[in-house]
Amino acid sequence: LEFRRVLFRSEVHSLHVAGLVLRLFDQTARLHHLGEAERSWLEFAAVLHDIGYVINPRQHHKHAYYLIKNSDIGGLTAEEIEVVANVARYHRRSMPSAKHEGYAGLSVKLKRTVRILSALLRVADALDRTHFAAVQTVNVKIGQMLTIEAAVNGDAAMEIWSASQRTDLLEQVFRRDRKSTRLNS
């Protein structure tokens, strides 16, 4: 029974993160210029980003990569599965690196895609840090400053703090410095 409860909570979290990250993707389209295929890959990665918990919670991002890479996700090519696996891999901790075999083997174009999608997923995952869906939705304002406004229900201090700590890759891919990215609730 406890295992089912944990799985259900993870599923609810993953679906919520998927909703948040797709809003971030859609609202930053004029910055990233990616299309429907990349949006679909991002959705797969968001839904599956925590799948590695079944093997090891402490390194679940690495295990998520392995599980996704070695899965047959209907409708996706091996190359697309590699992208989805990499995006899930980089939803926390280290950033995409040429030292990592799976990432190193991608084309320049797909490396850029993984960096952008991972940047968005890192922030969306942080916006549900407590897994209580305190951040209900987000709106992005693009100008000199990139502002992410979060509509919250209850106390979302942990989510806002966590997301502000996870903007490093987002700032790189959208060429913003630390002072020009802001999260508001």
Side-chain angles (χ1 to χ4, degrees), residues 5-29 32 34 36-69 71 73 76 80-81 83-96 113-140 146-171 173-174 181 183-185:
R5 191 174 301 131
V6 168
L7 283 179
F8 174 74
R9 191 160 175 195
S10 288
E11 180 182 358
V12 170
H13 164 70
S14 293
L15 293 174
H16 185 65
V17 168
L20 292 172
V21 79
L22 291 177
R23 283 191 61 87
L24 291 172
F25 179 90
D26 293 343
Q27 293 180 27
T28 57
H32 59 66
L34 299 174
E36 285 302 312
E38 293 87 351
R39 188 180 192 276
S40 177
W41 303 340
L42 179 58
E43 186 172 15
F44 275 114
V47 170
L48 297 172
H49 77 280
D50 278 345
I51 194 71
Y53 267 108
V54 299
I55 296 174
N56 180 348
R58 291 186 60 223
Q59 293 188 337
H60 72 274
H61 56 294
K62 292 178 183 179
H63 296 293
Y65 171 83
Y66 176 83
L67 290 170
I68 295 167
K69 173 146 174 63
S71 296
I73 301 173
L76 296 183
E80 292 170 327
I81 290 171
V83 170
V84 170
N86 270 282
V87 174
R89 156 77 167 92
Y90 295 115
H91 84 273
R92 66 186 295 256
R93 296 215 177 164
S94 67
M95 293 205 255
T113 299
V114 166
R115 291 176 58 77
I116 292 166
L117 300 182
S118 298
L120 296 169
L121 183 55
R122 289 165 81 92
V123 172
D125 185 46
L127 288 169
D128 195 34
R129 173 72 186 262
T130 62
H131 295 209
F132 290 128
V135 173
Q136 296 182 320
T137 192
V138 292
N139 288 303
V140 178
L146 182 67
T147 304
I148 301 171
E149 293 182 345
V152 303
N153 183 18
D155 182 8
M158 176 60 82
E159 282 75 7
I160 301 303
W161 175 83
S162 182
S164 71
Q165 300 303 302
R166 306 277 294 281
T167 61
D168 47 358
L169 187 55
L170 189 76
E171 291 159 355
V173 299
F174 292 146
T181 304
L183 284 133
N184 296 334
S185 61

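As the structure is a computational prediction, the values presented were derived from the model and not from experiment.
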Before giving the answer on side chain to side chain contact (heavy atoms under 4.5 Å, CB included), spell out for Val54 and Leu67 the whole-Å C-alpha distance, their side-chain angles and the decisive distance to 0.1 Å.
CA-CA 10 Å; Val54 299; Leu67 290 170; 4.1 Å; yes
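- One distance of note links CG of Leu34 with CZ of Arg39; it measures 12.0 Å at 0.5 Å rounding.
- With rounding to the nearest 0.5 Å, the separation of OG1 in Thr167 from CG in Leu183 is 7.0 Å.
- No more than 12 heavy atoms of other residues, nucleotides or ligands sit less than 6.0 Å from atom CE of Met158.
- The CZ atom of Arg129 sits 7.5 Å away from atom CZ of Arg166, with the distance rounded to the nearest 0.5 Å.
- Listed here is the closest heavy atom pair of Ala163 and Leu127: CB-CD2, 3.6 Å.
- Nearest heavy atom pair, residue Ser118 against residue Tyr90, reads OG-CB, 3.5 Å.
- Asn184 contributes no side-chain N or O that, together with a main-chain N or O of Glu149, makes up a donor-acceptor pair within less than 3.5 Å.
- Counting only heavy atoms from C-beta outward, the side chains of Phe174 and Leu120 approach each other to under 4.5 Å.
- Partner His61 forms a side-chain hydrogen bond (donor to acceptor under 3.5 Å, both in side chains) with one of Arg92, His91, His49 and no other, that one being Arg92.
- Side-chain atoms of Glu43 and Phe25, non-hydrogen and from C-beta on, never get closer than 4.5 Å to each other.
- The nearest pair of heavy atoms linking Val135 to Val138 is CG1-CG1, 4.0 Å.
- Using a 4.5 Å cut-off on side-chain heavy atoms (C-beta onward), Asn139 and Arg23 make contact.
- In this structure, Glu80 contributes its side chain and Trp41 its backbone to no donor-acceptor pair below 3.5 Å.
- Between the OG atom of Ser162 and the CZ atom of Arg122 there is a distance of 10.5 Å, given to the nearest 0.5 Å.
- Legend: residues meeting side chain to side chain contact (heavy atoms under 4.5 Å, CB included) with Tyr53, ordered by chain and number and at least two apart, are Asp50, Pro57, His60.
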Go through Phe44 and Val87 one step at a time and tell me if the side chain to side chain contact (heavy atoms under 4.5 Å, CB included) criterion holds.
CA-CA 9 Å; Phe44 275 114; Val87 174; over 6 Å; no
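- A distance-only check finds no donor-acceptor pair linking the side chain of Ser40 to the backbone of Glu36 [under 3.5 Å].
- Residue Ile148 holds its CD1 atom at 9.0 Å from CD1 of Ile160, rounded to the nearest 0.5 Å.
- Nearest heavy-atom pair across Ile73 and Ile81 is N-CD1, 3.7 Å.
- Here CG of Leu15 is found 5.5 Å from CD of Glu11. Values are rounded to the nearest 0.5 Å.
- Residues Ser94 and Arg89 have side chains that bring a donor and an acceptor to within less than 3.5 angstrom of each other.
- Between Leu48 and Ala64 the shortest heavy-atom distance is O-CB, 4.2 Å.
- For the pair Leu20 and Ala124, the tightest heavy-atom approach, listed with the atom from each and the gap, is CD1-O, 3.9 Å.
- Between His13 and His131, the ring-plane angle classifies as parallel under the 30° and 60° cut-offs.
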